[in-house]
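Letters go in sequence order (proteins before strands), and every chain restarts at 1.
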2 protein chains.
Amino acid sequence: MPEHDHDHDHHPSAEAMEEVLNRYMAEHGLKSTRQRSLIIDTFFSLGGHLSVEELWSKVREQDTKVSVATVYRTMKLLHECGLAHARNFGDGQTRYEAAAGRHHHDHLICTRCGTIVEFENDRIEAMQEAVARKHGFRVTSHKMELYGLCRNCQRETTPQPRA
Amino acid sequence: MPEHDHDHDHHPSAEAMEEVLNRYMAEHGLKSTRQRSLIIDTFFSLGGHLSVEELWSKVREQDTKVSVATVYRTMKLLHECGLAHARNFGDGQTRYEAAAGRHHHDHLICTRCGTIVEFENDRIEAMQEAVARKHGFRVTSHKMELYGLCRNCQRETTPQPRA
DNA sequence: ATAGGTGCAAAAAATTTGCGATTGC
DNA sequence: GCAATCGCAAATTTTTTGCACCTAT
């Protein structure tokens, strides 16, 4: 499980997310269904960086009949309305992470044990803006991932599985 | 094709890469074959951010018989010995990019037309190090991608395909 | 009523692997 | 000669889709 940075290891409440989502759904003529609510509640209450497979297995604990397809479709929705970010940390699967209501943040990833630490740094963000402007870009989002060894893994020599 | 930043739009020569690769191969008991050389030469002479599919199609122009599997296997090798970086820009495929002999750099990606601009910024890198250190990490590599609209796409309103 | 949603199973797309036939070293 | 490679096809893995049947609105 990911360690979190000092000032933002809170997740937005699933209820708050439903609010945002409801507005989006109303505007787009989408319907609220039992399986969507279940998937969304599960996603936001779990937190972290979830693969569809992981999320699906948690959802199935509540309702065995929900199909992967629905989880994929729902996560695509959440992504499109900006409530979830899609991440790609190198293993072959897309992971989703709660977006709205949280500060933007980036990731430190231990390549040995898989630990993920979140952080944010306003000065770096400001400099990113500046660089982009220099190249004529207007930035709408970004990803920054630092890969390396966490404190423990710098000492350890015994094999340890990734995440 | 990607625009390049001021001071490093050179690609390392395929020959220089063969050198590094040969050393690696000698140390690991790997063999140099016709298809590997072809793939490697093609990869380094093309430059850019290539999907396996794209690279394969170029390779096939020289030798119809090379299989995708070999391209995958060769790129994995290049990646393992540090000569190629694996990237994931959001479309569902891994892209490879020449690594050794180039300065490290990051990416500005236009979400409308797919243009990729490379840049580097030492101050940002220094701050990344600092942040990582604060969290006890020793950074070995990183990825930073800024998504947004390039100069052209901020003006245009007509539809334009990605990449 | 009806547009949108769901499950299921088949389809795609991306990548990996088993294997008998090569081929560097 | 022998271990490493190759091509090919089959297998995996991840994600998408077609379709007949449901269900919010």
**Student:** Check the angle between the aromatic planes of His135(B) and Phe119(A) and answer parallel, tilted or perpendicular using the 30° and 60° thresholds.
**Tutor:**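 Because their plane-to-plane angle lies in the 30° to 60° range, the rings of His135(B) and Phe119(A) count as tilted.
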**Student:** More 5' along DNA chain C: Gly92(B) or Ala69(B), using each one's nearest nucleotide?
**Tutor:**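 Counting from the 5' end, the first nearest nucleotide belongs to Gly92(B).
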**Student:** Output the rounded distance in Å from CD (Glu54(B)) to P (dA14(C)).
**Tutor:**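 The distance from CD of Glu54(B) to P of dA14(C) comes to 11 Å, rounded to the nearest Å.
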**Student:** What is the nucleic acid contact for Val66(A), judged by heavy atoms within less than 4.0 Å: base, sugar-phosphate only, or nothing?
**Tutor:**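 Counting heavy atoms under 4.0 Å across all strands, the contact made by Val66(A) is with sugar-phosphate only.
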**Student:** Counting just side-chain N and O atoms, does Thr94(B) come under 4.0 Å of either OP1 or OP2 of dT15(C)?
**Tutor:**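 Result: yes.
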**Student:** Rounded to whole angstroms, how far apart are CG on Leu50(B) and P on dA14(C)?
**Tutor:**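 Going from CG in Leu50(B) over to P in dA14(C) covers 15 Å.
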**Student:** What's the OH-C1' distance between Tyr72(A) and dC8(C), to the nearest Å?
**Tutor:**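 Those two atoms, OH and C1', are 15 Å apart.
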**Student:** Checking the side chain of Trp56(B) only, and the main-chain atoms of Thr70(B) only, is there a donor and an acceptor separated by less than 3.5 Å?
**Tutor:**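 No, because the side chain of Trp56(B) does not come within donor-acceptor range (under 3.5 Å) of the backbone of Thr70(B).
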**Student:** Keeping Glu145(B) on the side-chain end and His107(B) on the backbone end, is there a donor-acceptor pair under 3.5 Å?
**Tutor:**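 Looks like no, no N/O pair under 3.5 Å.
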**Student:** Within this structure, what is the CZ-to-P distance between Arg73(B) and dT5(D), rounded to whole angstrom?
**Tutor:**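 Rounded to whole Å, this separation is 10 Å.
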**Student:** Return the value, rounded to whole Å, for the distance between atom CG of Leu30(B) and atom C1' of dA4(D).
**Tutor:**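 Checked: the CG to C1' distance equals 8 Å.
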**Student:** Establish, with yes or no, whether the OP1 or OP2 oxygen of dT6(C) is under 4.0 angstrom from a side-chain nitrogen or oxygen of Thr33(A).
**Tutor:**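 The answer is yes; a side-chain N or O of Thr33(A) sits under 4.0 Å from OP1 or OP2.
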**Student:** In whole angstroms, how far is the P atom of dG4(C) from the CD atom of Gln35(A)?
**Tutor:**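 Rounded to the whole Å, the gap is 17 Å.
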**Student:** Which part of the nucleic acid, if any, lies within reach of Val52(B) when heavy atoms closer than 4.0 Å are counted: base, sugar-phosphate only, or nothing?
**Tutor:**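 Since no nucleic acid heavy atom lies under 4.0 Å of Val52(B), the category is nothing.
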**Student:** So, OP1 or OP2 of dG5(C): does either fall under 4.0 Å of a side-chain N or O from Arg36(A)?
**Tutor:**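 Result: yes.
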**Student:** Nearest whole Å is fine: how far is dT14(D) P from Gln93(B) CD?
**Tutor:**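 Answer to the nearest Å: 17 Å.
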**Student:** Side chains of Glu97(A) and His49(A): donor-acceptor distance under 3.5 Å anywhere?
**Tutor:**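 Yes, side-chain donor-acceptor contact under 3.5 Å.
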**Student:** Quick one: Arg34(B) CZ to dT23(C) P, roughly how many Å, whole number?
**Tutor:**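 Interatomic distance, CZ of Arg34(B) to P of dT23(C): 7 Å.
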**Student:** I'd like to know if the side chain of Arg87(B) and the backbone of Lys143(B) have a donor-acceptor N/O pair within less than 3.5 Å.
**Tutor:**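 Judged by distance alone, no pair lies under 3.5 Å.
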**Student:** dT6(C), OP1 or OP2 - any side-chain N/O from Lys31(A) closer than 4.0 Å?
**Tutor:**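 Lys31(A) to dT6(C) OP1/OP2: no side-chain N or O under 4.0 Å.
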